[in-house]
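This report concerns only the one structure given below.
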Amino acid sequence: MDDAGEIVDSIEARRAAEALIVDVDGFEGPLDLLLSLSRTQKVDLRKISVLQLAEQYLGFVERAKALRIELAADYLVMAAWLAFLKSRLLLPPDPEDEGPTGEDLAAHLAFQLERLQAMRDVAARLMGRDRLGRDVFARGTPTDVTRIRRVTYTATLLDLMQAYARIRTRDDFRPYVMDRDSIYTMEEALDRMRGLIGYAGEWMTLSNWLPEGWETDPARRRSATAANFAASLELVKQGAAEIRQSATFAPIEIRKVAR
Amino acid sequence: MSEDDDAPTESSLFEAPPLSEQERMVEAVLFASAEPVGVADLNARLPHGCDAARALEMLRRRYEGRGVRVVRVGEAWAIRTAPDLGFLMQRETVEMRKLSRAAVETLAIIAYHQPVTRAEIEEIRGVSVSRGTIDQLLELEWIRFGRRRMTPGRPVTYVVTQGFLDHFGLESARDLPGLKELRAAGLLDSRPPPGVSEDGEEAEDEGQSDMFEDES
Amino acid sequence: MSEDDDAPTESSLFEAPPLSEQERMVEAVLFASAEPVGVADLNARLPHGCDAARALEMLRRRYEGRGVRVVRVGEAWAIRTAPDLGFLMQRETVEMRKLSRAAVETLAIIAYHQPVTRAEIEEIRGVSVSRGTIDQLLELEWIRFGRRRMTPGRPVTYVVTQGFLDHFGLESARDLPGLKELRAAGLLDSRPPPGVSEDGEEAEDEGQSDMFEDES
């Protein structure tokens, strides 16, 4: 019974078996090979004899070895597993053993084969559908939607008057006063953080430290974040705070040094 | 979108164009595009108060049996030539790269099991999936990344795209051939090998049915 | 081609498809073709015995008043968007941007000192005025060219437009508040700029009204 080689007796079957060996590279893995072998049983995959299939597979592997055909590792792993399955199916169940029964394992293998076959069948049906560019066609001359981007510039009367006033009284204006609106200095951040760090017993992300009114506007947030980060480093250097970041680009967290 | 006849016009400051006019507009937009156009996109392009879904339905019926058809592709719509006239279009036929058997099977597995991880594809095919196979399908824009699976390692999942539906003439992923039979036969269940705990797998099943529900 | 109904079928070994079917075929070919298709070309692509010219004529009539039309392009035929629906093929996005500081200042100087030459603007601003700034204001139709100054080189002058007055809600440029009013409104630092006396300012205001008199 375990001498699977003897089963192959007719010339036709032998030829088929040789074709299998020659085509070993053409198989897409052990499941594919098992599926091909199962076809010789010519039965519904649900009624397949897994024991017989296991013997066919092991016989195939034996012959491949005899012909010195290099089998990929996963074919050998499958062979070992099927040998195990075969022993499970043939030996009476061990009441001590809590693992799955041979029948469970066989049923799962049958399920896997049936599922793979089903996927192949639907893949063929899918490929046989009316396909775009082969059977069905899209518009040959699509009209592009032209995107008209219109930029409107606005200025208010106030802008205008302030601009004029600015020119006429230029010397009175400090040149950078407007721009510094969105600059939060490290000194400011340090002053503020020194007062607050005492309350930060838990880790708090840097973004929670931004002063009110500096969280939303991107330019102000950037400036305040940079200032707070620099101030945090200063506090760490002074031994007043701890700082951490769990990964690159992860939030930076700060807390006071526990005393 | 609204099924209510009066709502769109009432809620609008200006009266929406008559439905026949809306149908003409949808017709013009669909004809102008090679890609499927979404209903939301149509509503955004049509004048305020238009009901693209209703106009689409009228248009679809108007083109029944004609040389071109109004077809649904997921959440979008497109005009495509009737399949029986493909023989006239040898000149327009695009050379299709022959997909490998591995690619065809992988595509089918993704379509029927989506969202599906690479490990699951390998489990079904019983062989490892080469990087190139997935790449080829991504390049064809037939698959894309889905949500990460909430299991250890948070593996990425794959799902099929609107381009896939368009290419294979499917209204939605639920219209995949044989889907119902496969499901009834339990062949789309993620059945763990015996001896493997099922806890982790339950959550996966939910994710999968969600996916097909999403399509509706 | 043939005006005779029976001729095509008689001369053909196989019966030509019914005319309605030919019309479908022409529809599909015109739809899918990247170029307009000529009648001879259509006849070559359709099954033997078809009369593309008749089918085309039927198709053309079918699309009358629809969202797309069958139109003649030179010697060939194509499907095109109905002209009244062209607006659906463009999407306009309006972006509001604040005028640059240089532009606002230049505009203010023109408004307060019109008609003013470029050299004068530069003298008042204390920096050179880029061509782009003037062009932008011209494009916005807030300024236009005034009379040439009767000085050597006959430089062009700039004045503000009605569009400028409309945009800023002014009856005339003379309604623009003077420096004193600006100061009273708190728009100006209360200290007078060094070297500018109150008298001087008055004189300037007068000078300004003179200029407006010139314009009217």
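Below, chain A is the first sequence line, B the second, and so on; all start at residue 1. Computed from heavy atoms alone, side chains included, the values below leave out hydrogens, waters and symmetry copies.
- Per-residue heavy-atom pair counts under 4.5 Å with chain B were compared for A/G140, A/A138, A/G29, A/A124, and the maximum is reached by A/A138.
- Between chain B and the residues A/P100, A/A118, A/A123, A/G133, the largest count of heavy-atom pairs under 4.5 Å involves A/G133.
- The choice from B/L107, B/I79, B/L170 that makes the most heavy-atom pairs within less than 4.5 Å of chain A is B/L170.
- Between A/L31 and B/E123, the shortest heavy-atom distance links the atoms CD1-O, 4.2 Å.
- The contact between B/L182 and chain A is made entirely by side chain atoms (from C-beta outward), counting heavy-atom distances below 4.5 Å.
- A donor-acceptor pair is defined here as one N or O able to donate and one able to accept, closer than 3.5 Å; no such pair exists between the side chain of A/R139 and the backbone of B/A32.
- Nearest heavy-atom pair, B/A34 versus A/P142, reported as atom, atom and distance to 0.1 Å: N-CB, 3.7 Å.
- Contact check for A/R131 versus B/D166: no side-chain heavy atoms found under the 4.5 Å cut-off.
- Atom CD of B/E141 is surrounded by 12 or fewer heavy atoms from other residues, nucleotides or ligands within 6.0 Å.
- B/L99 touches chain A through its side chain: at least one heavy atom from C-beta onward sits under 4.5 Å away, while N, CA, C and O do not.
- Heavy-atom pairs under 4.5 Å with chain A peak, among B/P83, B/S128, B/A108, at B/P83.
- Looking only at distances, a side-chain donor or acceptor of A/R129 sits under 3.5 Å from a matching main-chain atom of B/G169.
- With a 4.5 angstrom heavy-atom cutoff, B/I124 touches chain A via backbone and side-chain atoms both.
- Considering every non-hydrogen atom in both B/T93 and A/R134, the closest pair reads CG2-CA, 4.3 Å.
- Looking at A/M119 and B/L187, their side chains never come closer than 4.5 Å, going by heavy atoms from C-beta outward.
- Of the residues considered (B/G178, B/A82, B/A185), B/G178 shows the highest number of contacts with chain A, using heavy-atom pairs under 4.5 Å.
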After noting the C-alpha distance and the side-chain angles of A/V136 and B/M89, does the key distance pass the side-chain contact (heavy atoms from CB on, under 4.5 Å) rule? CA-CA 9 Å; A/V136 164; B/M89 251 62 77; over 6 Å; no
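- Contacts of B/R45 with chain A are made by side-chain atoms alone, with heavy-atom separations under 4.5 Å and no backbone atom involved.
- Between B/T81 and A/F137, the shortest heavy-atom contact is OG1-N, 2.7 Å.
- Taking A/L34, A/L126, A/L116 one by one and counting their heavy-atom pairs under 4.5 Å with chain B, the maximum is reached by A/L126.
- Contact tally against chain A (heavy-atom pairs below 4.5 Å) for B/A78, B/G186, B/G86: the top residue is B/G86.
- Partners of B/E105 according to the salt bridge (charged side-chain N to carboxylate O under 4.0 Å, His left out) rule, which considers only residues two or more places apart in sequence or in another chain, are A/R120, B/R101, B/R125.
- The ring-ring contact (aromatic ring centres under 6.0 Å, His included) pairs that include a residue from residues 76-108 of chain B number zero, where partners must be two or more places apart or lie in different chains.
- For B/A102, the parts lying near chain A are the backbone and the side chain together; criterion is any non-hydrogen pair under 4.5 Å.
- Counting only heavy atoms from C-beta outward, the side chains of B/F168 and A/L132 never approach each other to under 4.5 Å.
- Remark: B/H167 NE2 to A/D130 CG distance equals 10.5 Å, nearest 0.5 Å.
- Between B/P177 and A/V122 the shortest heavy-atom distance is O-CG1, 3.7 Å.
- Interface remark: B/E35 contributes no atoms to any contact with chain A (heavy atom separation under 4.5 Å).
- Interface remark: B/S33 contributes backbone atoms only to the contact with chain A (heavy atom separation under 4.5 Å).
- Residues A/D32 and B/V127 form no side-chain contact, since every pair of their non-hydrogen atoms from C-beta on lies 4.5 Å or further apart.
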